[in-house]
Amino acid sequence: MARGRAARQPSEDDPALVDPAEVRRVRAVLALGGVPWDALDDGVQRVRLKLLEERADPTRPKVRDPLAWVTVVASRVASDWHRSQSRDAGLRRRLAKRWSRPPVEHSEEQRLLALAVADELESMLPAHRQILVLRYYADLPIPEIAQLLDVPEGTVKSRLHAAQAAMRARLRQVEAI
């Protein structure tokens, strides 16, 4: 009996990439495509998913050479990995640039007021605290807050007005303003 490896023809009901040789080939293609070692298993799973999707769609023609097809899909998964990494790197650069501004020096009075506001926020009603944080700390516009809370803009405005009045009264009580 010859020790050579015969090409396995997958049947319609077996899972994708069960042959260890196929898995090794996919891992090799991914590694040669620049995917790091710790992401190879995820890449293999993505290739499996693509193969299963291909087999699940009855309108698509049958794959003539599954091994070649798996190799092409693995190379596309590697390309997708690089694309997502460059997109993530760009986002990280933009965020780092945004948050790397030099610190602003505040007066003692401003620091005390900020501490008083933080203390009073903790003791406010949750609805008032939520609306003030979304508006002034997250810097969201009223229409976006309304969408997030799933309430009309008028409701956001009235809650914001009530929360501001409550904060103002509390700060006057503790003589912060």
Side-chain angles (χ1 to χ4, degrees), residues 1-104 114 118 121-122 126-153 155-156 159-160:
M1 185 164 147
R3 302 202 101 204
R5 204 172 275 194
R8 182 181 71 86
Q9 292 297 325
S11 67
E12 291 298 319
D13 56 350
D14 72 348
L17 296 179
V18 293
D19 186 10
E22 289 177 347
V23 173
R24 282 194 304 273
R25 174 179 278 221
V26 168
R27 288 177 64 86
V29 169
L30 292 171
L32 289 172
V35 176
W37 286 102
D38 60 341
L40 289 180
D41 290 334
D42 290 337
V44 170
Q45 292 304 321
R46 287 184 185 179
V47 172
R48 280 187 173 127
L49 180 63
K50 294 286 186 190
L51 186 57
L52 290 171
E53 288 172 351
E54 180 74 25
R55 290 182 183 169
D57 188 356
T59 62
R60 290 186 182 169
K62 186 173 178 170
V63 175
R64 289 185 302 209
D65 186 357
L67 200 53
W69 187 86
V70 164
T71 304
V72 169
V73 170
S75 68
R76 288 182 184 159
V77 166
S79 296
D80 291 345
W81 184 87
H82 283 291
R83 229 177 278 123
S84 71
Q85 293 303 307
S86 65
R87 191 171 39 246
D88 290 350
L91 177 62
R92 282 192 288 278
R93 278 193 305 274
R94 287 192 306 275
L95 286 173
K97 184 178 177 182
R98 180 176 182 178
W99 296 108
S100 66
R101 295 181 187 143
V104 178
L121 269 174
E122 287 182 21
H128 285 175
R129 180 176 46 245
Q130 178 186 43
I131 204 81
L132 287 174
V133 167
L134 289 174
R135 180 66 183 110
Y136 295 107
Y137 286 89
D139 199 26
L140 296 178
I142 289 175
E144 196 169 330
I145 295 171
Q147 185 181 14
L148 281 172
L149 299 178
D150 197 27
V151 297
E153 285 183 33
T155 303
V156 171
R159 287 181 187 174
L160 185 58

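We count residues from 1, following the sequence as given.
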Would a 4.5 Å heavy-atom cut-off, applied to side chains only, mark [X] and [Y] as touching?
| X | Y | answer |
| --- | --- | --- |
| Val70 | Arg25 | no |
| Val26 | Leu30 | yes |
| Glu54 | Val73 | no |
| Asp42 | Trp81 | no |
| Arg27 | Arg24 | no |

Out of curiosity, [X] [atom1] to [Y] [atom2], how far, rounded to the nearest 0.5 Å?
| X | Y | atom1 | atom2 | result |
| --- | --- | --- | --- | --- |
| Ile142 | Thr155 | CD1 | OG1 | 11.5 Å |
| Tyr136 | Leu121 | OH | CG | 11.5 Å |
| Ile145 | Gln130 | CD1 | CD | 9.0 Å |
| Asp139 | Glu144 | CG | CD | 10.0 Å |

Practice problem: Apply side-chain contact (heavy atoms from CB on, under 4.5 Å) to the pair Leu134 and Leu149, showing each step before the final yes or no. | Solution: CA-CA 10 Å; Leu134 289 174; Leu149 299 178; 4.1 Å; yes
Exceeds 12 heavy-atom contacts within 6.0 angstrom, atom [atom1] of [X]:
| X | atom1 | answer |
| --- | --- | --- |
| Gln147 | CD | no |
| Arg46 | CZ | no |
| Arg76 | CZ | no |
| Asp57 | CG | yes |

Practice problem: Search all heavy atoms of Arg159 against all heavy atoms of His128 and return the closest pair with its distance. | Solution: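 What the structure gives for the nearest pair is O-CD2, 4.3 Å.
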Exercise. Could you pull out all residues at least two apart from Asp38 that satisfy side-chain hydrogen bond (donor to acceptor under 3.5 Å, both in side chains)?
Key: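 Applying side-chain hydrogen bond (donor to acceptor under 3.5 Å, both in side chains) to Asp38 gives none.
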Exercise. May I have the step-by-step check of side-chain contact (heavy atoms from CB on, under 4.5 Å) for Val29 and Val77, ending in yes or no?
Key: CA-CA 10 Å; Val29 169; Val77 166; over 6 Å; no
